[in-house]
Amino acid sequence: MGQMPPYKEHRQIFIDWCFREVSPQRGDLTILGFDWLSPKEQTLLAVMRFPKRRSEWINGRWTAKQLLLKAIPLLDGRPMAEISIENHIAGYPLVMIDGQPLSGCLSISHRGERVAAAYTAHEDILIGIDLEWIEERHPAFLQDYFTGDEIVWVNTGQPNEQAARTTLLWSAKEAALKALRLGLAVDTRMIEVRSAFENEMESWQSLNYTSDLPEEGTHLIGWWQQRGNYMITLAINLPKYEDFSFRLREIPLKE
Ligand SMILES: CC(C)(COP(=O)(O)OP(=O)(O)OC[C@H]1O[C@@H](n2cnc3c(N)ncnc32)[C@H](O)[C@@H]1OP(=O)(O)O)[C@@H](O)C(=O)NCCC(=O)NCCS
């Protein structure tokens, strides 16, 4: 008799995510003061010099806190200042509540006034979300960051699709590097992305990753969608031998 396949327990995993423009009418969130930041966040902000970094960081915290407050029933009613979104030395977000790390995984991406954030309470998986503005890139960009097959995939698209295809690949790599918690410290060609390109606006399409980077026993899966001229990708780093299904719930956030 052959070897039994590994036992698979089916588990449904919820991933809550949001994409929003932060207070377009009010402009800079700093006019709200900083009372909604935790004392540690206020200390971190105080040493940030570059206005773009400050404003993206503030927008990311504002959005991620509102996502957590809506997604986690136990946090309902908590003041925002009691949630502290700090960063591990490797860069990934660490959420602290009452001095204790929040279980699960949060991921943040910012582009100017736009922010995408995602959270799962599930402890066995890591997630990465990425947000990019769709634009043309120089052929040298593709040569530097994409594999040969990825370059062919971009170049065989219709001319009006090529910028979206390029942005999709780039964003999917960044989302995966976040889910691996590596960031851009590694060569982006070590993660190959494949996807069909049936672009239905505002609906998740799946994508496939091929990479030796995940630790043994884990692998990457992902999705993408276009919102206006933005590309959003979501990657998950999960154990291989478990049977998961995913529910991606968009959390509406209003000003
Ligand atoms: C992670 C990375 C690929 C994303 O870059 P990007 O597309 O330019 O920026 P995004 O807005 O999409 O994402 C930035 C967010 O990614 C998260 N992030 C940073 N490094 C990360 C890592 N290693 N793993 C997972 N997430 C990470 C952070 O939450 C960051 O936002 P924040 O600093 O406001 O909390 C890139 O920033 C990178 O490689 N960074 C290196 C790690 C680093 O920044 N170290 C500095 C120590 S704080």
Side-chain angles (χ1 to χ4, degrees), residues 15 17-22 29-30 34 36-38 40-68 80 83-96 101-102 104-120 125-135 137 141 144-146 166-191 193 209 211 213-215 218 220 222-225 227 230-238:
I15 297 175
W17 71 281
C18 63
F19 168 60
R20 64 139 31 149
E21 186 168 8
V22 182
L29 273 174
T30 55
F34 297 121
W36 59 276
L37 291 172
S38 71
K40 177 73 185 281
E41 288 170 332
Q42 292 185 29
T43 313
L44 293 169
L45 181 64
V47 293
M48 272 181 215
R49 293 200 173 171
F50 299 103
K52 180 173 178 292
R53 171 68 180 141
R54 282 172 69 88
S55 103
E56 290 193 338
W57 185 90
I58 290 168
N59 291 346
R61 260 83 202 140
W62 176 266
T63 301
K65 287 183 185 203
Q66 293 197 344
L67 173 72
L68 295 173
M80 284 170 88
I83 302 172
S84 190
I85 306 179
E86 299 159 24
N87 294 87
H88 184 270
I89 194 161
Y92 60 81
L94 277 180
V95 186
M96 305 297 288
L102 177 74
C105 183
L106 171 72
S107 184
I108 303 172
S109 185
H110 17 59
R111 279 287 159 276
E113 305 230 311
R114 300 276 174 158
V115 178
Y119 171 76
T120 182
I125 66 170
L126 295 175
I127 60 176
I129 197 163
D130 192 70
L131 175 64
E132 295 288 334
W133 176 252
I134 297 172
E135 61 190 342
R137 310 256 182 168
F141 177 89
D144 285 348
Y145 297 113
F146 291 179
T166 304
T167 309
L168 159 56
L169 294 181
W170 175 247
S171 178
K173 286 171 190 280
E174 288 208 315
L177 290 168
K178 289 179 185 176
L180 293 166
R181 294 194 157 167
L182 293 171
L184 283 175
V186 296
D187 185 340
T188 53
R189 289 169 297 190
M190 292 178 78
I191 298 173
V193 181
Y209 288 108
S211 175
L213 288 173
E215 281 180 22
T218 70
L220 291 166
W223 297 271
W224 65 276
Q225 70 166 266
R227 284 278 167 108
Y230 287 90
M231 185 64 71
I232 308 172
T233 54
L234 181 63
I236 306 188
N237 181 11
L238 73 165

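Counting starts at 1 for both ligands and their atoms, following the listed order.
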* Under 6.0 Å from the CD atom of E215, do we count more than 12 heavy atoms belonging to anything else shown? -> no

* Asked: If you count the non-hydrogen atoms of other residues, nucleotides and ligands that lie under 6.0 Å from OH in Y230, is the total more than 12?
  -> yes

Quick check on [X] - does any of its heavy atoms sit under 4.0 Å from an atom of ligand 1?
X    : value
G60  : no
E56  : no
R53  : yes
L180 : no

* Under the salt bridge (charged side-chain N to carboxylate O under 4.0 Å, His left out) rule, collect the residues that match up with R227, sequence neighbours excluded. => E202, E250

* Asked: Can you name the residues that form a salt bridge (charged side-chain N to carboxylate O under 4.0 Å, His left out) with R181, not counting sequence neighbours?
  -> none

* A90, A185, S109, A64: member with heavy atom nearest to atom 42 (C) of ligand 1 -> A90

* Asked: Within the structure, does W57 bring an N/O atom to less than 3.5 angstrom of an N/O atom in ligand 1?
  -> no

* Asked: Does an N or O from H88, backbone or side chain, lie closer than 3.5 Å to an N or O of ligand 1?
  -> no

* Asked: Which of the numbered atoms in ligand 1 are below 4.0 angstrom from a heavy atom of E174?
  -> 3 (C), 5 (O), 6 (P), 7 (O)

* Flag, side chain of R114 to backbone of F19, donor-acceptor distance under 3.5 Å -> no

